[in-house]
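Please read the structure below before turning to the comments.
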Amino acid sequence: MAAMAMAMAGLMNGERAVVLLFIGRVLFSLPLSLLFHGVALSLLALSALSLDILADSSTSLAQFNTRPGASSGVLLGAVTLPAVVISKMIQLSRAFPLDQVGIEELESLTLQYWAASASCLSVLIFLCITLWRAPENMPPPPAHNVWHAKFSLSCIILHTAVSFVTFGTVSLTSFETALKLLWMLCHGLAAVKLIQHVIKTFPSCASIGESCLVTSGLVLYFGDMLAYTIEKVSGFTMKSEVVQYGSKRSEISIIIQGLLLGLLLFPMVFKFVLRIWESTFSTAHSEVRTNNEIWRSLIFFSALGFIMIVIIPSWMQLVQDFHMHPLLWVLSFIFSEPLKRLSLCVYWMCVIYVSVLRFYNISKNSKIERILLRKYYHLMAVSMFLPALIFQPEFLDLSFGAALAVFLALEIIRVWRIWPLGQSIHKFMNAFTDHRDSDLLIVSHFSLLLGCALPIWMSSGYNDRPLAPFSGILSLGIGDTMASVVGHKYGVLRWSKTGKKTIEGTAAGITSVLAACSVLLPLLASTGYILTEHWGSLLVAVTVSGLLEAYTAQLDNAFIPLIFYSLLCL
């Protein structure tokens with residue numbers, strides 16, 4: 001028994017221990033009504049833990065060509081999104097007895113939880129099969145690897161059984177249960193197909209855990225969008241059959257969904273149009289077709305403009321009654337409070353211009369480490385987003401969507417080297433990359449923007465934790481920045497022999513976030529927020545997210561804000 005305990009302790013590295021601590025904190029806060037959901041989350045975490053250990057000791061996953069220097073991250077990637085959703089469910093369950101949220105909203109979130117779990121579980125099944133089907137020329141796997149694979153499959157089977165039992169007890173008819181299970185199956189298959197596409201299309205750009213988080217998030221986000229569209233188009237009442245999508249969506253959320261969908265699908269459309277163009281002119285104009293980048297650029301911008309000005313706004317008007325073109329709605333929204341919102345835009349433009357110009361010149365001429373230099377952009381994010389979140393939260397929601405759309409468009413232009421901007425954007429963006437970026441895909445600016453935006457977007461509607469929307473800004477803009485700066489300048493004691501993170505840096509990050517919260521809470525109270533945070537829970541949330549930043553080898557901009565947000569919602 002002692003030998004087994006020592007063996008388990010050897011397998012339990014810092015990242016896994018912090019993730020399990022996070023899951024334990026979530027499970028501790030569960031009400032009795034969410035017991036089955038907590039059991040499912042526990043089984044998902046155990047399965048992911050076993051596969052995480054197996055992935056680091058096996059060479060079968062080397063075929064995926066993941067990001068160099070990163071661990072597999074299977075455990076963290078698999079549990080993050082379901083834990084975020086169940087934390088939001090815990091928050092809504094506190095409001096439901098007080099009639100502050102409707103049953104439709106809670107049931108909608110419940111189905112989103114099972115959809116997120118199904119997506120992550122399907123990815124785990126895919127990884128388990130990949131590990132099991134080792135190449136024929138490889139020696140048979142060790143006994144402990146076989147045990148981990150069998151244990152993981154057992155947890156997956158139990159998780160599936162819990163899902164069946166839960167749907168069977170809450171659904172009124174077997175037909176409704178079958179529809180919900182079919183909906184889960186579609187999410188799972190889509191997640192597996194998408195993660196295969198992501199790993200194949202963008203080699204060496206992400207770890208397995210990062211790919212799992214991205215794919216499950218995209219499948220959940222656009223599955224929600226698809227269901228809402230079907231309900232609007234066909235009149236099929238999914239509210240009573242599959243999913244509770246009866247709650248009214250805001251115009252801003254519809255605009256953001258439309259922009260992101262259009263830009264993510266645009267590369268496929270452009271490839272299709274370009275293939276038709278090349279086949280049409282392949283005979284008579286082959287030399288011109290090969291060398292003329294201007295025509296390729298014209299096709300690109302024409303197709304992009306048509307999709308973003310005609311196709312996507314048509315979808316927006318189909319699912320939401322805008323009474324006008326969505327672009328005109330955006331302009332009317334901005335000019336409904338012109339002084340505040342236009343002044344905020346001018347302030348943002350000044351901050352961006354001064355910061356980018358200054359740090360771009362420093363990055364070319366200075367010997368400062370790139371990772372440390374980029375932390376100044378985290379501070380820039382605090383100066384830009386914090387005042388807007390306090391005084392203009394709705395406008396900030398829309399601005400985040402617009403900024404993300406601009407980033408996506410620029411990255412597409414950079415990757416495809418679209419004349420005349422592609423090469424210039426590529427040279428400019430390379431000045432701010434680090435070891436986590438690749439020449440194929442630069443993700444750091446996306447992760448920083450999404451890390452700040454997602455907690456704010458997820459806090460729309462009912463929110464009894466005023467600090468929750470600030471979790472991205474606090475954890476990345478303040479905590480991560482202070483941890484890097486202090487750790488780099490004064491750090492001596494390292495958390496591990498192979499890592500660069502220091503105890504001094506982590507302590508500085510945790511202390512700085514707590515200090516920022518102590519200043520922010522009275523400020524929020526003065527603007528009308530009702531404060532419900534307990535300092536004990538806040539201390540746990542800040543400490544756990546700080547320890548995760550210290551131990552994880554994953555893209556911290558993506559995971560830490562979500563973990564911090566989940567803990568703040570409890």
Side-chain angles (χ1 to χ4, degrees), residues 22 25-26 29 76 79-92 109 112-113 116 213-214 216-218 220-221 224 250 252-253 256-257 260 378 381-401 403-404 445-481 509 512-514 516-517 520-521 523-524 529 531-533 537-538 540-546 548-549 554-570:
F22 162 64
R25 176 69 180 94
V26 174
S29 303
L76 182 59
V79 303
T80 296
L81 189 59
V84 169
V85 181
I86 202 172
S87 297
K88 189 67 178 177
M89 292 172 61
I90 294 172
Q91 187 180 45
L92 293 187
L109 199 61
Q112 288 183 12
Y113 168 74
L213 177 65
V214 171
S216 57
L218 287 176
L220 183 66
Y221 190 62
D224 172 270
S250 68
I252 292 177
S253 66
I256 293 173
Q257 275 190 322
L260 298 185
H378 290 219
V382 175
S383 64
M384 290 177 60
F385 304 147
L386 191 60
L389 182 54
I390 296 175
F391 301 108
Q392 285 288 324
E394 289 187 349
F395 183 58
L396 183 61
D397 283 351
L398 182 61
S399 301
F400 272 133
L404 186 58
H445 52 297
F446 286 108
S447 61
L448 176 59
L449 184 66
L450 282 172
C452 294
L454 284 176
I456 298 172
W457 287 342
M458 291 186 295
S459 298
S460 60
Y462 176 79
N463 178 42
D464 62 344
R465 296 290 188 262
L467 284 179
F470 296 86
S471 55
I473 299 173
L474 290 172
S475 59
L476 296 182
I478 296 177
D480 188 35
T481 301
S512 63
V513 173
L514 289 173
C517 291
L520 188 58
L521 285 172
L523 181 60
L524 292 175
Y529 284 89
L531 303 182
T532 56
E533 268 87 4
S537 300
L538 180 60
V540 172
V542 174
T543 303
V544 171
S545 59
L548 182 63
E549 191 275 335
Q554 306 302 304
L555 188 61
D556 49 7
N557 288 2
F559 288 100
I560 293 176
L562 296 177
I563 300 297
F564 192 33
Y565 171 82
S566 302
L567 293 170
L568 288 178
C569 287
L570 302 179

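C517 is listed as a side-chain neighbour of L474, based on a closest heavy-atom distance under 4.5 Å. Within the 4.5 Å cutoff, the side chain of V544 has no heavy atoms near those of the R25 side chain. Counting only heavy atoms from C-beta outward, the side chains of L260 and Y221 approach each other to under 4.5 Å. In this structure, the side chains of L467 and L524 come closer than 4.5 Å at one or more pairs of heavy atoms.
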Under 3.5 Å, side-chain donor or acceptor atoms of residues 557-570 against the rest of the protein: list the pairs with distances, not counting sequence neighbours.
{"residue": "N557", "atom": "ND2", "partner": "S447", "partner atom": "OG", "Å": "3.4"}
{"residue": "Y565", "atom": "OH", "partner": "M458", "partner atom": "O", "Å": "3.3"}
{"residue": "S566", "atom": "OG", "partner": "L562", "partner atom": "O", "Å": "2.8"}

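When all heavy atoms of S29 and I90 are compared, the pair lying nearest together is O-CG2, 3.9 Å. Contact between P455 and L450 at its shortest, heavy atoms only, is CD-O, 4.2 Å. Looking at every heavy atom in both residues, D464 comes nearest to P466 through O-CD, 3.6 Å. In plain terms, the two heavy atoms of I478 and A516 that are nearest each other are CD1-CB, 3.6 Å. When all heavy atoms of A83 and I86 are compared, the closest pair comes out as O-CG2, 3.3 Å.
The line from CG of D556 to CG of L476 is 7.0 Å long, rounded to the nearest 0.5 Å. Atom-to-atom distance recorded for Q91:CD and N463:CG is 5.0 Å, nearest 0.5 angstrom.
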Steps toward side-chain contact (heavy atoms from CB on, under 4.5 Å) verdict (L213, Q554): CA-CA 11 Å; L213 177 65; Q554 306 302 304; over 6 Å; no
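Put simply, the side chain of S471 gets close to the backbone of A468: a donor and an acceptor are under 3.5 Å apart.
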